Amino acid sequence: MLARKSIFVLTLLITQAEARVYRTFPEAIQSVFPQADNLKRRSVYLTPEQLKRAVQYANEPIDTAFLVVYEITKAGKLIGYAYLDTHRVRTLNETVLICIDEKERILHIEQLSFAEPQEYMASDAFLSLFHGQTLSPALSLKGNIPTITGSTLTCSVLTSSARCVLALHKIVLEQKR
């Protein structure tokens, strides 16, 4: 039994070590916002009430009251926001960059790292479906986001991640007012 557990742990470590990082956060931000001249990192701690509202907005569970928002500016003018979301797909993690414009629309979504087998990774064509989406019923697998055969869980968690980030972003904007 102990040998079996050791093999499982070794296999898990090897699998996690093989997680592919496709692009670093600075590389991705530079690509999405080439005109940016400043990136401000801000930590946000939500109250229980704010977290409850975010869950209601997203219509998805949100398991953290802490988030980091990156405000991207050019010559002092806000041009967008960026969030990193790390979550489990099937049994392993992925990290997604979600960029939001000043009108609360998804400007860009990208998988920066993905530990699951590559055949479960979302294509660029699928990710482009999120462009321009807002927090609405259309941003769902029953709305404008279709599932892809063989990548159903990836589609589901990416859609959930987008909804949660947009809901959290709404709370961040409410705090600023």
Side-chain angles (χ1 to χ4, degrees), residues 12-44 46 54 58 60-74 78-135 139-141 144-148 150-172:
L12 185 61
L13 289 174
I14 290 170
T15 303
Q16 288 178 339
E18 291 176 1
R20 293 194 65 190
V21 175
Y22 293 92
R23 213 163 21 166
T24 66
F25 177 73
E27 291 169 340
I29 290 295
Q30 178 62 39
S31 172
V32 178
F33 299 102
Q35 73 279 27
D37 58 17
N38 192 26
L39 179 131
K40 179 182 175 187
R41 180 186 190 275
R42 190 163 55 101
S43 297
V44 177
L46 302 180
E60 298 276 350
I62 299 175
D63 61 357
T64 183
F66 171 75
L67 67 140
V68 175
V69 58
Y70 297 89
E71 296 174 344
I72 298 103
T73 59
K74 177 185 179 185
L78 182 71
I79 57 174
Y81 299 87
Y83 295 86
L84 290 171
D85 184 36
T86 299
H87 49 262
R88 195 164 302 273
V89 177
R90 288 182 326 143
T91 58
L92 301 172
N93 289 341
E94 77 174 335
T95 298
V96 178
L97 169 68
I98 299 176
C99 298
I100 301 172
D101 68 16
E102 65 282 352
K103 294 181 181 171
E104 298 182 55
R105 297 176 302 200
I106 293 177
L107 179 65
H108 180 79
I109 186 168
E110 178 178 348
Q111 293 168 291
L112 296 181
S113 71
F114 191 75
E116 294 287 349
Q118 299 309 297
E119 60 265 21
Y120 299 135
M121 191 167 174
S123 67
D124 289 341
F126 176 77
L127 294 173
S128 72
L129 297 172
F130 289 89
H131 185 80
Q133 293 285 333
T134 60
L135 186 58
L139 181 57
S140 71
L141 297 180
N144 291 343
I145 310 298
T147 57
I148 298 171
S151 297
T152 305
L153 290 174
T154 302
C155 297
S156 178
V157 296
L158 282 169
T159 304
S160 176
S161 177
R163 291 188 63 77
C164 291
V165 166
L166 284 168
L168 291 166
H169 181 66
K170 189 174 183 83
I171 299 296
V172 167

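Residue indices begin at 1 and follow the sequence shown. Values in this document were obtained by computation on a predicted structure and should not be read as measured data.
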Cut-off 3.5 Å, no hydrogens considered: what does the side-chain donor-acceptor table look like for residues 153-172, sequence neighbours left out?
residue	atom	partner	partner atom	Å
Thr154	OG1	Tyr120	O	2.6
Thr159	OG1	Cys155	O	2.8
Ser160	OG	Glu60	OE1	3.0
Ser161	OG	Asp85	OD2	2.5
Arg163	NE	Ala58	O	2.8
Arg163	NH1	Ser136	O	2.9
Arg163	NH1	Leu139	O	2.9
Arg163	NH2	Ala58	O	3.1
His169	ND1	Tyr83	OH	2.6

Exercise answer: donor-acceptor pairs, residues 30-38 side-chain atoms, under 3.5 Å, sequence neighbours excluded:
residue	atom	partner	partner atom	Å
Ser31	OG	Arg23	NH1	3.2
Asp37	OD1	Ala75	N	3.3
Asp37	OD2	Ala75	N	2.7

Quiz item: For Glu104 and Leu135, what are the C-alpha separation, side-chain angles and deciding distance, and is it a side-chain contact (heavy atoms from CB on, under 4.5 Å)?
Solution: CA-CA 8 Å; Glu104 298 182 55; Leu135 186 58; over 6 Å; no
Self-check item: Intermediate values then yes/no, side-chain contact (heavy atoms from CB on, under 4.5 Å), Glu27 and Leu112
Solution: CA-CA 10 Å; Glu27 291 169 340; Leu112 296 181; over 6 Å; no
Practice problem: Dump the intermediate steps for side-chain contact (heavy atoms from CB on, under 4.5 Å) on Glu94 and Phe114, then the final yes or no. | Solution: CA-CA 4 Å; Glu94 77 174 335; Phe114 191 75; 3.4 Å; yes
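With values rounded to the nearest 0.5 angstrom, Ile72 atom CD1 is found 5.0 Å from Leu39 atom CG. Atoms NE2 and CG, from His108 and Asp101 in turn, are 13.5 Å apart once rounded to the nearest 0.5 Å. For the atom pair CG of Leu78 and NZ of Lys40, the computed distance is 10.5 Å after rounding to the nearest 0.5 Å. We find the OG1-CZ distance between Thr147 and Phe126 to be 8.0 Å, quoted to the nearest 0.5 Å. Here the CD1 atom belonging to Ile29 is positioned 4.5 Å from the SG atom belonging to Cys99, to the nearest 0.5 angstrom. Once rounded to the nearest 0.5 Å, the distance linking CZ of Phe130 with CD1 of Ile109 reads 5.0 Å.
The side chain to side chain contact (heavy atoms under 4.5 Å, CB included) search around Thr64 returns Phe66, not counting sequence neighbours. In this structure, Thr152 has no side chain to side chain donor-acceptor pair (under 3.5 Å) partners at least two apart in sequence or on a different chain. Legend: residues meeting side chain to side chain donor-acceptor pair (under 3.5 Å) with Asn144, ordered by chain and number and at least two apart, are absent. Taking the salt bridge (charged side-chain N to carboxylate O under 4.0 Å, His left out) definition, one finds that Glu71 meets it with Arg42, Lys176, sequence neighbours left out. Take Thr134 and apply the side chain to side chain donor-acceptor pair (under 3.5 Å) test, not counting sequence neighbours, and it matches no residue.
Shortest non-hydrogen contact noted between Leu97 and Ala28 is CD2-CB, 3.5 Å.
The shortest side-chain heavy-atom distance between Thr95 and Leu84 falls under the 4.5 Å cut-off. Residues Thr86 and Ser113 have side chains not in contact (no heavy-atom distance under 4.5 Å, counting atoms from C-beta outward).
Checking side-chain atoms of Glu116 against main-chain N and O of Thr91 turns up a donor-acceptor pair under 3.5 Å.
The neighbour count for His131 NE2, taken as heavy atoms of other residues, nucleotides or ligands under 6.0 Å away, does not exceed 12.
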